[in-house]
Amino acid sequence: MTRKFEISPTTRLRRSPFFDATVREGVTGFYPYNNMLMPTGFGHPEEEYWRIINGVSMWDVAVERQVELNGPDAEKLAQILCPRNLQQCKEGQGKYVALCNHSGVIINDPIILKLSRSRYWLSIADNNIVLFARAIAAERGLDVDVFEPDVSPLAVQGPEAENVIASIFGDWVRELKYFWFKEAEISGIPLQVARSGWSKQGGFELYLMDGSKASELWNLVREAGKPWNIGPGNPNMSERIESGLLSYGSDTDDNTNPFEIRMEKYIDLDIPDDTIGIQALRKIASDGPKRHQVGVILEGSTPSDIVAEWLDIEQDGKKIGSMTSGVWSRRLEKNIGLSLIDINVKIGDSAVVKTINGECNCKVVALPFL
Ligand code: THG
């Protein structure tokens, strides 16, 4: 049965400041993320994919909202929220963190950016962290404001991204280390230039600090990128699964802890006891996780549709876990997926994925695929 429906007008689904620019580029789809509309394609999936792998692509990722911690106790609140030692984090540096609740369940996987000792941004995935951080700050009696500032990231990703960004800002950007950032201004547009982004093809993110200048920034990058054939894109499902990048909320459920999803290297168990979830995380670490995140390669070479639900994975007719996201890999020419499965199921094992078209044999593999 084909159904036809549209998203009804609502102020709940906020528009990105880059919305008009993406409409002019011919955006063909959106999904909601942090109560905003997130572009999901521009009508040329094949071209959009190879542009990220071989060239340079620009993405409206304003949905990666910032949660600003601002005030004398900002540093203290940051460490209470993040189960990773932030002592070594310098001004101008970002770190990838697994925000957890009191049970050690992951509730977001932001990059935390230290602007100064009294000012941090949590660059968040899809879950309301303002609400959480504000409640914690109040309960702990901290002197810090928690709010969403007017900041919207524009990602420039792909092997040619560095050339494009250097042509705009100068060669200093080539020295920027991964997750480090620096304040800059171009044509009166205030922003932070960061080396980061949700792909493994290299790139930068421009954190626009004035939403009214979004079209201006979009056009400037579009123009500067012409010699490298820049074009519009979005966080690419295929590339990110091939690269084994986690999508919080897609690959996690309300029970997932960081040890199950390859985030143990971002957890420091010896930080002070007042960090949210640290006691639970210590226990999970000593008991050992029950599930682990691995890849699956499905049999057959026909691209299958993206399925927006978890699919059961079985061995000998018994459920061992779920495929949490799946996609056609253009480089492997196979359907591949990320999965969360029983810790006793090993790399190299065979299993069966219960797809919407029936059972499909698969091989369990280590991540990343590429
Ligand atoms: N950019 C910004 N904010 C974000 C994202 C982003 N917030 C939400 C979401 N994406 C956060 N998730 C990730 C997940 C992985 C990475 C970045 C953001 C990433 N990981 C590398 C890896 O897993 O290999 C490196 C991590 C490391 O070594 O520290 O890059 O994209 N602004």
Side-chain angles (χ1 to χ4, degrees), residues 34-35 62-153 176-185 189-196 205-212 248 258 263 266-282:
N34 280 327
N35 306 315
V63 297
E64 286 156 3
R65 292 277 88 191
Q66 309 308 300
V67 176
E68 180 160 333
L69 317 178
N70 192 320
D73 286 335
E75 188 162 36
K76 206 165 171 184
L77 178 59
Q79 188 63 80
I80 286 171
L81 295 171
C82 300
R84 179 171 183 175
N85 192 336
L86 299 179
Q87 296 264 289
Q88 314 307 328
C89 187
K90 304 275 192 312
E91 273 185 29
Q93 188 177 13
K95 287 199 184 265
Y96 187 36
V97 297
L99 282 197
C100 290
N101 68 16
H102 298 75
S103 313
V105 167
I106 186 166
I107 58 167
N108 212 297
D109 69 328
I111 296 159
I112 187 162
L113 294 90
K114 181 176 181 176
L115 294 125
S116 74
R117 280 192 65 172
S118 58
R119 190 172 174 225
Y120 287 77
W121 287 343
L122 292 163
S123 183
I124 59 168
D126 185 18
N127 207 5
N128 192 332
I129 296 303
V130 167
L131 191 66
F132 182 77
R134 221 177 244 162
I136 299 295
E139 292 284 319
R140 304 276 172 114
L142 299 178
D143 184 3
V144 59
D145 288 327
V146 178
F147 59 94
E148 186 185 288
D150 174 9
V151 175
S152 300
L176 212 51
K177 285 181 287 193
Y178 206 69
F179 284 155
W180 286 69
F181 60 95
K182 201 169 180 271
E183 188 156 353
E185 202 181 277
I189 308 171
L191 44 79
Q192 304 280 348
V193 182
R195 191 188 288 271
S196 56
E205 291 180 304
L206 307 177
Y207 288 77
L208 171 65
M209 297 194 289
D210 177 354
S212 73
Y248 171 80
M263 288 192 80
Y266 309 117
I267 303 286
D268 292 313
L269 293 173
D270 57 357
I271 52 173
D273 290 350
D274 62 357
T275 292
I276 309 289
I278 196 66
Q279 336 244 8
L281 289 167
R282 288 179 194 140

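This chain uses plain numbering: 1 for the first residue, then up along the sequence. Predicted, not measured: the structure shown is a model, and the values here were computed from it.
Taken from CG in Asn70 to CG in Leu77, the straight-line distance is 11.5 Å, to the nearest 0.5 Å. Atom CD1 in Ile112 sits 7.0 Å away from atom SG in Cys89 (nearest 0.5 Å). Between the CD1 atom of Ile129 and the CG atom of Leu122 there is a distance of 8.0 Å, given to the nearest 0.5 Å. Put simply, CG on Leu113 and CD on Glu68 are 11.0 Å apart, with the number rounded to the nearest 0.5 Å. Between atom CG of residue Asn85 and atom OH of residue Tyr266 there is a gap of 16.0 Å, rounded to the nearest 0.5 Å. Separating the CD1 atom in Ile278 from the CD1 atom in Ile80 is a distance of 12.5 Å, to the nearest 0.5 Å.
With sequence neighbours excluded, no residue forms a side chain to side chain donor-acceptor pair (under 3.5 Å) with Asn108. Taking the side-chain contact (heavy atoms from CB on, under 4.5 Å) definition, one finds that Glu75 meets it with Lys114, Arg117, Tyr120, sequence neighbours left out. With sequence neighbours left out, the salt bridge (charged side-chain N to carboxylate O under 4.0 Å, His left out) criterion links Asp145 to no other residue. With sequence neighbours left out, Lys177 forms a side-chain contact (heavy atoms from CB on, under 4.5 Å) with Trp180. Qualifying side chain to side chain donor-acceptor pair (under 3.5 Å) partners for Arg65, counting only residues two or more places apart in sequence or in other chains: Glu148, Ser152. With sequence neighbours left out, the side chain to side chain donor-acceptor pair (under 3.5 Å) criterion links Asp126 to no other residue. In terms of the side-chain contact (heavy atoms from CB on, under 4.5 Å) criterion, residue partners of Ala98 (sequence neighbours excluded) are, by chain and number, Ile106, Pro258, Met263, Ile267. Partners of Gln66 by side chain to side chain donor-acceptor pair (under 3.5 Å), not counting sequence neighbours, listed by chain and number: Ser123. Scanning for side-chain contact (heavy atoms from CB on, under 4.5 Å) contacts around Asp270 gives Asp268, with sequence neighbours left out.
Contact detail for Ile111 and Phe179: the closest heavy-atom pair is CD1-CE2, 3.6 Å. Residues Tyr248 and Asn127 share a closest heavy-atom pair of OH-ND2, 3.1 Å. Closest approach of Leu269 and Arg282 over heavy atoms only: O-NE, 2.8 Å. Taking all atoms of both residues into account, the shortest heavy-atom contact from Leu281 to Gly104 is CD2-O, 3.8 Å. Pro149 and Trp121 make their closest contact through CG-NE1, 4.0 Å (heavy atoms, listed as atom of the first residue, atom of the second, distance).
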Problem set entry | Stepwise side chain to side chain contact (heavy atoms under 4.5 Å, CB included) test for Cys100 and Val105 | CA-CA 5 Å; Cys100 290; Val105 167; over 6 Å; no
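Applying the side-chain hydrogen bond (donor to acceptor under 3.5 Å, both in side chains) test to every pair with at least one member in residues 90-104, sequence neighbours left out, gives these pairs: Tyr96-Asp109.
Counting heavy atoms from C-beta on, the side chains of Leu208 and Ile189 come closer than 4.5 Å.
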Can you list, pair by pair, the side-chain donor-acceptor contacts under 3.5 Å of residues 130-144, counting residues two or more places apart and other chains?
from, atom 1, to, atom 2, distance (Å)
Arg134, NE, Val146, O, 3.0
Arg134, NH2, Val146, O, 2.9
Arg140, NH1, Asp274, O, 2.7

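At distances below 3.5 Å, at least one donor-acceptor pair connects side-chain atoms of Thr275 with backbone N or O atoms of Gln79. Checking side-chain atoms of Arg119 against main-chain N and O of Ala74 turns up no donor-acceptor pair under 3.5 Å. In this structure a side-chain-to-backbone donor-acceptor pair under 3.5 Å is present from Arg195 to Leu176.
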